[in-house]
Amino acid sequence: MIAFVSGPVAALAPDSAVVEVGGIGIAVQCTPNTLSGLRAGQHARLATSLVVREDSLTLYGFADDDERQTFELLQTASGVGPRLAQAMLAVHSPDALRRAVSTGDEKALTAVPGIGKKGAQKLLLELKDRLGEPVGAPAAGPAAGGGWRDQLHAALVGLGYATREADEAVAAVTPQAEAAEGTPQVGRLLRAALQTLNRAR
């Protein structure tokens with residue numbers, strides 16, 4: 001219904017952005033990787049997917065059409081709603097998900113909060129013929145701005161972890177972030193943080 005929104009970014013929150021379209025501020029739910037590429041006051045174009053519920057209309061935003069299409073395909077699997085589909089894209093790029101499904105990589109799926117061993121096995125079966133093959137080489141996510149700690153912390157809390165757990169996970173990946181050349185990539189750090197949290201549980 002709404003294929004994309006385009007306009008200046010009016011505001012940014014830990015899990016959403018407000019894009020001004022024709023004088024109207026449209027709130028769009030986004031993954032940390034997508035948000036890290038946005039700047040308040042700058043023009044943005046987000047591919048979108050509208051999720052209609054009895055009591056709500058929620059617009060989800062993505063860096064590109066491939067991400068949006070993957071988000072919609074993930075929801076064709078039983079038990080996968082928009083929140084879980086977004087969590088999967090917060091942890092893995094569309095290509096990484098395609099690679100995980102095509103190679104039967106259960107471990108990659110259990111790195112997503114809310115997916116256990118049995119759930120991962122079921123998803124691998126259901127998504128095998130739906131996601132298709134990886135289209136490109138493994139790519140790094142967009143570089144984050146200076147506040148990678150805040151973005152990472154907000155992403156973990158948004159995925160359902162307690163503030164204390166998020167604090168510990170950020171501390172655990174700080175050496176990795178500081179060792180990286182250039183700006184740390186929030187998507188990569190989020191994957192590392194989720195692995196430390198899964199080991200702790």
Side-chain angles (χ1 to χ4, degrees), residues 14-17 28-38 46-53 58-142 144 151-161 165-166 169 173 185-199 201:
D15 60 355
S16 64
V28 188
Q29 299 287 311
C30 302
T31 64
N33 253 1
T34 301
L35 289 169
S36 71
L38 303 178
L46 295 171
T48 56
S49 178
L50 181 65
V51 175
V52 180
R53 293 278 184 267
T58 309
L59 199 60
Y60 290 84
F62 307 94
D64 55 38
D65 291 331
D66 184 30
E67 212 172 78
R68 182 205 34 219
Q69 197 175 356
T70 305
F71 172 78
E72 290 172 350
L73 283 170
L74 289 171
Q75 291 176 75
T76 63
S78 58
V80 179
R83 283 255 173 233
L84 185 56
Q86 192 178 41
M88 289 168 83
L89 284 165
V91 178
H92 299 294
S93 68
D95 243 14
L97 283 170
R98 284 192 280 264
R99 203 170 292 110
V101 170
S102 66
T103 59
D105 187 352
E106 206 177 281
K107 206 172 170 191
L109 293 186
T110 56
V112 179
I115 299 180
K117 192 175 166 65
K118 278 193 172 163
Q121 290 168 344
K122 196 164 140 237
L123 283 171
L124 287 173
L125 279 174
E126 285 197 40
L127 294 170
K128 194 151 188 67
D129 302 320
R130 300 183 198 177
L131 285 188
E133 292 297 313
V135 290
Q151 289 180 331
L152 181 57
H153 192 276
L156 290 166
V157 171
L159 290 171
Y161 286 97
E165 289 178 306
V173 300
Q185 290 166 338
V186 176
R188 191 171 288 171
L189 293 173
L190 181 60
R191 283 190 282 280
L194 289 168
Q195 282 168 351
T196 68
L197 285 163
N198 286 343
R199 279 199 293 271
R201 284 188 164 183

If you look only at distance, which donor and acceptor atoms sit under 3.5 Å apart when one is on a side chain in residues 113-123 and the other is two or more places apart or in another chain?
from	atom 1	to	atom 2	distance (Å)
Lys117	NZ	Glu106	OE2	2.9
Gln121	NE2	Glu106	OE1	3.3
Lys122	NZ	Ser78	OG	3.4

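Residues passing the side-chain contact (heavy atoms from CB on, under 4.5 Å) test with Ser102 are Glu133, Pro134, sequence neighbours excluded. Partners of Ala90 according to the side-chain contact (heavy atoms from CB on, under 4.5 Å) rule, which considers only residues two or more places apart in sequence or in another chain, are Thr31, Pro32, Leu190. Applying the side-chain hydrogen bond (donor to acceptor under 3.5 Å, both in side chains) criterion to Thr70, with sequence neighbours excluded, gives no partner residue. Partners of Phe71 by ring pair (Phe, Tyr, Trp, His ring centres under 6.0 Å), not counting sequence neighbours, listed by chain and number: Tyr60, Phe62. Every residue meeting the side-chain contact (heavy atoms from CB on, under 4.5 Å) condition with Ala169, not counting sequence neighbours, appears here in chain and number order: Leu156, Ala193, Thr196, Leu197. Shown here are the side-chain hydrogen bond (donor to acceptor under 3.5 Å, both in side chains) partners of Thr76, two or more places apart in sequence or in another chain: Arg130. Under the rule for a side-chain contact (heavy atoms from CB on, under 4.5 Å), the partners of Asp64 that lie at least two apart in sequence or sit in another chain are Asp66, Glu67.
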**OP:** Given side chain to side chain contact (heavy atoms under 4.5 Å, CB included), test Leu84 with Val112 step by step and report yes or no.
**Re:** CA-CA 8 Å; Leu84 185 56; Val112 179; 4.3 Å; yes

**OP:** Step by step, work out the side chain to side chain contact (heavy atoms under 4.5 Å, CB included) result for Leu127 and Leu73.
**Re:** CA-CA 8 Å; Leu127 294 170; Leu73 283 170; 5.7 Å; no

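Residues Ala100 and Leu124 approach most closely at O-CD2, 3.7 Å, considering heavy atoms. Among all heavy-atom pairs drawn from Leu35 and Pro14, the shortest one is CD1-O, 3.1 Å. In terms of heavy atoms, Ser36 sits closest to Asn33 at OG-O, 2.7 Å. Taking both residues in full, the closest heavy atoms of Pro82 and Arg53 are given as CD-NH2, 3.1 Å, listed atom of the first, atom of the second, then distance. Taking each heavy atom of Leu97 and Leu109 in turn, the nearest pair found is CD2-CD2, 4.0 Å. In terms of heavy-atom proximity, Leu38 sits nearest to Ala17 at CD1-CB, 3.8 Å.
We find the CD-CG distance between Gln29 and Asp15 to be 5.0 Å, quoted to the nearest 0.5 Å.
The side-chain heavy atoms of Leu46 and Leu59, taken from C-beta on, include no pair separated by under 4.5 Å.
Listed by first then second residue, pairs satisfying ring-ring contact (aromatic ring centres under 6.0 Å, His included) with a partner in residues 94-130 number zero, not counting sequence neighbours. Sorted pairs that involve residues 82-92 and meet side-chain hydrogen bond (donor to acceptor under 3.5 Å, both in side chains), not counting sequence neighbours, are lacking altogether.
Other residues, nucleotides and ligands place no more than 12 heavy atoms under 6.0 Å from the CD atom of Gln69.
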